[in-house]
Number of protein chains: 2
Amino acid sequence: MNHIRTISATPCEHDHSGKSVSEQVNAARKICEQQDERFTPLRAHIYELIVRADGPIKAYDLLEQLRPDRGSPKPPTVYRALDFFARLGLVHRVEALNAYIACDHTHPGHVAEFFICERCDEVKETHAHSHENCAPNGFVISSSVIEHYGLCETCALTA
Amino acid sequence: MNHIRTISATPCEHDHSGKSVSEQVNAARKICEQQDERFTPLRAHIYELIVRADGPIKAYDLLEQLRPDRGSPKPPTVYRALDFFARLGLVHRVEALNAYIACDHTHPGHVAEFFICERCDEVKETHAHSHENCAPNGFVISSSVIEHYGLCETCALTA
DNA sequence: AATCAAGACGTTATGCTATAACAGGGAAGG
DNA sequence: CCTTCCCTGTTATAGCATAACGTCTTGATT
């Protein structure tokens with residue numbers, strides 16, 4: 001019992017520093033076009049807001065930020081865009097926060113893994129190898145959620 | 001970059017078969033008492049419903065099931081009990097389902113890992129070693145969410 | 001015994017998160 | 001031109017969760 005199997009994680013530093021907001025938006029546009037999907041002005045606008053947030057952002061906060069420019073958008077406007085981005089892997093939903101975060105990396109065979117500081121709200125994203133090999137016999141994984149909550153180094157030291 | 005670290009998972013078969021509902025409830029009672037917490041009749045009632053569900057159950061479904069016996073309970077009644085159980089590790093929240101599941105196992109140094117079949121809704125729980133060692137330098141994990149979605153063996157074969 | 005503090009529970013009200021369903025418009029292809 | 005698909009707007013509602021207040025019980029203290 002309690003047979004140990006091994007999986008591995010790749011802490012590839014995933015902060016998008018080094019990429020400007022517009023570079024990230026353009027990267028997203030390219031990914032869309034490669035898949036024959038439309039990166040409409042509305043989608044570009046919303047994606048830019050997500051990138052600018054530089055961390056998890058909530059659907060209704062996006063809604064607020066859309067307001068001055070686009071009248072009084074309703075929730076479906078935002079949720080449709082979020083669904084679209086999620087489908088293309090351009091955003092991840094952070095389940096335990098009901099929030100969404102931009103991701104311009106794709107790592108085939110890997111899943112996003114988040115480390116979320118509960119004190120300063122900073123989020124680090126890494127990618128773990130799929131947990132397929134620690135699944136119950138025969139289970140086929142189609143998506144995974146891996147989120148860790150705690151304190152980042154800075155906050156842990158000053159706590 | 002992309003330095004590989006290793007973590008491990010222990011697929012200890014975690015189904016509670018072999019334990020009757022009342023045995024699980026009593027086990028929970030014992031865990032409460034050991035921690036000088038009160039396993040009140042209401043809590044016992046709610047815990048039994050969670051155990052009987054034999055899988056993730058939603059807060060408002062619990063609320064419904066409480067009804068005939070306890071008048072017209074309101075949401076806080078259920079959420080307070082769920083918070084209590086979660087604090088003691090007697091239930092886990094399945095984030096991506098907004099649902100709750102009984103757990104009478106405690107594995108110090110391990111975190112619960114769920115494999116959820118999207119076709120038959122069956123859930124297998126295993127326990128992974130903490131991901132502490134794949135965290136960014138200095139990050140201190142206080143809780144983790146690991147959930148996998150896909151098809152169980154049976155459903156994968158008949159899909 | 002009287003008092004006090006903590007926590008369990010009931011209740012009202014509200015806030016936050018998300019989607020169903022229908023209507024109009026615009027782009028791409030026949 | 002016209003049809004089809006999908007993008008967007010809009011209304012309405014469903015689903016999930018908590019704040020805040022009051023009462024009662026329990027157990028400890030005086």
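Just so it is clear, the model here is predicted, and its values are computed rather than measured.
Per the geometry, CD belonging to E37(A) stands 7 Å off P belonging to dC7(D), to the nearest Å. The distance from atom CG of L63(A) to atom C1' of dT17(C) is 11 Å, rounded to the nearest whole Å. Straight-line distance from the NE2 atom of H45(B) to the P atom of dG10(C): 12 Å, rounded to whole Å. If you measure from atom CD of E95(B) to atom P of dT17(C), you get 14 Å, rounded to the nearest angstrom. Taking atom CG of D61(A) as the reference point, atom P of dA18(C) lies 11 Å away to the nearest angstrom. Counting to the nearest Å, the P atom of dT26(D) and the CG atom of L42(B) are 15 Å from each other. Counting to the nearest Å, the P atom of dA27(C) and the CD atom of E33(A) are 16 Å from each other. For the pair K74(B) NZ and dA19(D) C1', the interatomic distance rounds to 17 Å; values are reported in whole Å.
If you check every strand for non-hydrogen atoms under 4.0 Å, Y100(B) touches sugar and phosphate atoms only. Contacts of P76(A) with the nucleic acid, taken as non-hydrogen atoms under 4.0 Å apart, include base atoms.
Taking only distance into account, the side chain of Y79(A) never meets the base of dA20(C) through a donor-acceptor pair shorter than 3.5 Å. Between the side chain of R80(B) and the base of dG7(C), no donor-acceptor pair of N or O atoms lies under 3.5 Å.
When the side-chain nitrogen and oxygen atoms of R38(B) are compared with OP1 and OP2 of dC9(C), none of them lie within a distance under 4.0 Å. Look at R93(B) and you won't find any side-chain N or O under 4.0 angstrom from OP1 or OP2 of dC16(D). T77(B) has a side-chain polar atom (N or O) that falls below the 4.0 Å cut-off from OP1 or OP2 of dG10(C). Residue K58(B) has a polar side-chain atom (N or O) positioned under 4.0 Å from OP1 or OP2 of dC16(D).
Looking at I141(A) and H131(A), their side chains come closer than 4.5 Å, going by heavy atoms from C-beta outward. Put simply, the side chain of F115(B) does not reach to within 4.5 Å of the side chain of E125(B), judged on heavy atoms. Between S130(A) and S144(A), the closest side-chain pair of non-hydrogen atoms is not below 4.5 Å. The side-chain heavy atoms of T126(B) and F114(B), taken from C-beta on, include no pair separated by under 4.5 Å.
Within 6.0 Å of atom CG in D61(B), more than 12 heavy atoms from other residues, nucleotides or ligands are found, so the atom counts as buried in its surroundings.
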